Amino acid sequence: MASEWELKKLIVEIGKRIWTRGFVAANDGNITVKLNDNEILTTPTGVSKGFMTTEMIIKIDNTGKVISSSSNYKPSSEIKMHLEVYKERPDIKAVVHAHPQYATSFAVAGIPLNKCVLPEAVIVIGAVPIAKYGLPSTMEIPESIREHIQTSDVVLLENHGALSLGTDLLNAYYKMETLEHTASIVWKAIQLGNLNVLPEYERDRLLSLREKFKLSGRVASCDVTPFNLNPKSQSQQDKDLDELIKEVTEKVINKLKSQGEK
């Protein structure tokens, strides 16, 4: 079991990694880890994750009340999201929230990363759902993720970013890396004009490896149906329907006219 000091150092290290990799900008994102059943370490608000020090890390309780911190630093208002995870998932000991560019692009586009594409992703993060948009710092986000974190350790946040849950800090961070790596490859494959989706048989074989490797956490089964590279917008669908109705109507009228002339 890592000491409080070691966990603070690891939070700082992971903060630098997500900042260096472009998973966050400015003061975005937050990281938490449970010390025990009653205490949680969290990153401070208003500080870049690339410039944190161990002295900045704050200790809070399960309600978000500060137990100890430097007087200059306070917890993020988005700590509510982390507390919701710990409340709903007793098995989770760490949470990473970030805005990785490719993954967040899918969240903004409203496209879940739920297809069976990369073997490692199928095993580690499974199908990644999108939680409906919620106003940051309010209970709207905790409420929007509640359903999804029951079945998945990684969730996209609509028009916001992503959330990864883990049995420890590194476990949560690695899932965020896997998410962004997967999103970037899926994005590039779409640009190339094709996205091969693994068949059901391969998905089931991959998921069976989770038990073999004794992997903890929860993953939702990914989708094996083909990915539509050219989805039509609702307005285009409505336009197509109007054209079809017009075409059928004209054919019916012409048919009645021809019968009348006879």
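Note that the coordinates shown come from a computational prediction; the quantities given were computed from them, not determined experimentally.
Counting only residues at least two apart or on different chains, the ring pair (Phe, Tyr, Trp, His ring centres under 6.0 Å) pairs with a member in residues 21-59 are Trp19-Phe51. The side chain to side chain donor-acceptor pair (under 3.5 Å) contacts involving residues 126-141 comprise nothing, where partners must be two or more places apart or lie in separate chains. For residues 24-50, there are no ring pair (Phe, Tyr, Trp, His ring centres under 6.0 Å) pairs, not counting sequence neighbours. Counting only residues at least two apart or on different chains, no salt bridge (charged side-chain N to carboxylate O under 4.0 Å, His left out) pair has a member in residues 25-36.
In this structure, the side-chain hydrogen bond (donor to acceptor under 3.5 Å, both in side chains) partners of Thr32, at least two apart in sequence or on a different chain, are His82, Tyr86. For the side chain to side chain contact (heavy atoms under 4.5 Å, CB included) test, residues two or more places apart in sequence or in another chain that qualify with Val66 are Ile58, Ile60, Ser69, Pro75. Residues satisfying the salt bridge (charged side-chain N to carboxylate O under 4.0 Å, His left out) criterion with Lys175, sequence neighbours excluded, are Asp153. The ring-ring contact (aromatic ring centres under 6.0 Å, His included) check on His99 picks up His97, His160, with sequence neighbours excluded. Listed by chain and residue number, nothing satisfies the side-chain hydrogen bond (donor to acceptor under 3.5 Å, both in side chains) test with Lys49 (two or more places apart in sequence, or in another chain). Legend: residues meeting side-chain hydrogen bond (donor to acceptor under 3.5 Å, both in side chains) with Asp37, ordered by chain and number and at least two apart, are absent. Shown here are the side-chain hydrogen bond (donor to acceptor under 3.5 Å, both in side chains) partners of Glu202, two or more places apart in sequence or in another chain: Arg205.
Here Glu84 does not pair with Lys80 in a salt bridge; the nearest charged N to carboxylate O distance is not below 4.0 Å. A salt bridge links Arg203 with Glu200: the distance from a Lys NZ or Arg NE/NH1/NH2 to an Asp or Glu carboxylate oxygen falls below 4.0 Å. Ion pairing of Glu4 with Lys59 is present here, as a side-chain N (NZ or NE/NH1/NH2) and a carboxylate O approach within less than 4.0 Å.
The heavy-atom pair separating Ile11 from Leu41 by the smallest distance is CD1-CB, 3.9 Å.
With hydrogens and angles ignored, the 3.5 Å screen pairs no side-chain donor or acceptor of Ser152 with any backbone N or O of His148. In this structure, Glu180 contributes its side chain and Ala103 its backbone to a donor-acceptor pair below 3.5 Å. Between the side chain of Ser184 and the backbone N or O of His181, at least one donor-acceptor pair lies under 3.5 Å.
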Pair up each side-chain donor or acceptor in residues 186-199 with any protein partner under 3.5 Å, not counting sequence neighbours, and list the distances.
unit_1 : atom_1 : unit_2 : atom_2 : d
Gln191 : NE2    : Trp187 : O      : 3.3
Asn194 : ND2    : Asn196 : OD1    : 3.1

- Message: Under the criterion side chain to side chain contact (heavy atoms under 4.5 Å, CB included), I'd like the reasoning laid out for Leu157 against Met81: C-alpha separation, chi angles, the key distance, then a yes or no.
- Response: CA-CA 11 Å; Leu157 307 174; Met81 177 168 53; 3.9 Å; yes
